[in-house]
2 protein chains.
Amino acid sequence: MAAETFPIGEAARRCGVKVPTIRYYEGIGLLPAPSRTEGNRRLFDAADLRRLAFIRHARELGFEVDAIRTLLSLQDDPDQPCAAADAIARERLADVEQRIAKLMALKDELERMLEQCASGRVAECRVIETLADTTHRHGPFT
Amino acid sequence: MAAETFPIGEAARRCGVKVPTIRYYEGIGLLPAPSRTEGNRRLFDAADLRRLAFIRHARELGFEVDAIRTLLSLQDDPDQPCAAADAIARERLADVEQRIAKLMALKDELERMLEQCASGRVAECRVIETLADTTHRHGPFT
DNA sequence: CTTGCTCCTCTAGCAACTAGAGGATGTAGA
DNA sequence: TCTACATCCTCTAGTTGCTAGAGGAGCAAG
């Protein structure tokens, strides 16, 4: 049985990515070069689409292409030395946890503002304070 | 009492932002133009630094400059119609909640991999599946 | 007063797209 | 079969959000 394949336009629609972006990802090696038709058109399979959707989500979350590349390398080479995979996963995990913490703080603040708004008062906004620097001390400051 | 001020280099060090980036933010209007010395050097005050740190965090979280602009507008114009502020905050909140959900999923998967690694086995990696598209359906698909 | 650091402006480059020109392909109807 | 029209192809150029570097001025210490 021949597996289902999709032209680039439908891949784009399904994954919420623009057509040129897909070609771009292929160009920089994030997405493997898909098979082609007689007429030289790309044909993507389900695995390609899953990978593409993953890339889109990761980019939306603010991961750099290089970070995504290492994340995908966990997937692509499950046989790489455990220590290497561990290091990559550990590093990504720390990053992810920090992001979550900051987003939670921001969420709380936005909710507080919405509550005040609901009660008819104009909120004094403290969004700036919510992301106050607790994690980025890399020098001797006063 | 004259409030404490800081030259651009120290502002950069304190906020974890590069010097040209600060000038860039000023250029695009994210940061108000600070006062200057006789010799034409920028002097930032504590409020500027807080704003700058906020921008850095928000950028790290993957917010676009425009999104940050609207977040800061909540701060800058607390007197804008409540409905407008509410809409902005609500939209940002939805975004933030989605990000958190996705990051949580990714976190779980990375932790699962680290556990397997700890127990000596090579993890089969499912990072791709963890961000499977539950939120981005904008067409009638099969 | 000069050595050396920080600052200034300005221009050019990079990452990650995004849009458009110019042309080939694929498909559906007359 | 012919033609209209969407979709695809490659390639180049533009956009956003920085980042690095040239060339020069300001300032503090010895």
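Below, chain A is the first sequence line, B the second, and so on; all start at residue 1. The analysis underlying the following values was restricted to heavy atoms, covering all of them including side chains, and did not include hydrogens, waters or symmetry mates.
- Between its opening and closing five pairs, the helix from dC1(C)-dG30(D) to dA30(C)-dT1(D) changes axis direction by 0°, a value rounded to 10 degrees.
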Is there any protein nitrogen or oxygen under 3.5 Å from a nitrogen or oxygen in nucleotides 23-29 of chain D, and what are the pairs?
from, atom 1, to, atom 2, distance (Å)
dG26(D), N3, Arg41(B), NH2, 3.4

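- Scanning all heavy atoms of the two residues, the minimum distance from Arg56(A) to Gly16(A) falls at CD-O, 3.0 Å.
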(message) Counting primed atoms plus P, OP1 and OP2 as sugar-phosphate and everything else as base, spell out the protein contacts along nucleotides 11-23 of chain C at 4.0 Å heavy-atom distance: B, S or - for each nucleotide, 5' to 3'.
(response) -----BBS-----
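- Nucleotide dC7(C) holds its P atom 7 Å from the CD1 atom of Ile8(B), rounded to whole Å.
- For Pro32(A), the side-chain contact (heavy atoms from CB on, under 4.5 Å) test picks out Asp48(A), Arg51(A), with sequence neighbours left out.
- Listed by chain and residue number, Thr37(B) satisfy the side-chain contact (heavy atoms from CB on, under 4.5 Å) test with Arg41(B) (two or more places apart in sequence, or in another chain).
- The salt bridge (Lys or Arg N to Asp or Glu O under 4.0 Å) test applied to Arg59(A) returns no partner, not counting sequence neighbours.
- Nearest heavy-atom pair across Ala53(A) and Cys15(A) is N-SG, 4.2 Å.
- Contact annotation: Arg56(B) side-chain N/O to dG17(D) OP1/OP2 distance is not under 4.0 Å.
- Atom CZ of Arg36(A) and atom C1' of dA24(C) are 13 Å apart (whole Å).
- The stretch residues 92-101 of chain A participates, sequence neighbours left out, in these salt bridge (Lys or Arg N to Asp or Glu O under 4.0 Å) pairs: Arg92(A)-Asp95(A), Asp95(A)-Arg99(A), Glu97(A)-Lys107(B).
- As rounded to whole Å, 10 Å separates atom P of dG26(C) from atom CG of Leu43(A).
- A straight line from CD of Glu26(B) to P of dC10(C) spans 12 Å, rounded to a whole angstrom.
- Annotation: side chain of Leu30(B) is not in contact with side chain of Phe54(B) (no heavy-atom distance under 4.5 Å).
- Rounding to the nearest 0.5 angstrom, the gap separating the CD1 atom in Ile28(A) from the CZ atom in Arg69(A) is 5.5 Å.
- Arg50(A) pairs by the salt bridge (Lys or Arg N to Asp or Glu O under 4.0 Å) definition with nothing, not counting sequence neighbours.
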(request) With side chain to side chain contact (heavy atoms under 4.5 Å, CB included) as the test, would you mind laying out the steps for Phe44(A) and Leu52(A) before giving the verdict? (result) CA-CA 10 Å; Phe44(A) 298 90; Leu52(A) 184 52; 5.9 Å; no
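- Qualifying side-chain contact (heavy atoms from CB on, under 4.5 Å) partners for Thr5(A), counting only residues two or more places apart in sequence or in other chains: Leu43(A).
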(request) Go through the steps to decide whether Leu106(B) and Phe63(A) satisfy the test side chain to side chain contact (heavy atoms under 4.5 Å, CB included), and finish with yes or no. (result) CA-CA 12 Å; Leu106(B) 192 50; Phe63(A) 289 105; 3.7 Å; yes
Polar atom pairs between nucleotides 2-5 of chain D and protein, under 3.5 Å, N or O only, would you list them?
none

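- When the side-chain contact (heavy atoms from CB on, under 4.5 Å) test is applied to Val19(A), the partners found at least two apart in sequence or on another chain are Ile8(A), Ala12(A), Arg23(A).
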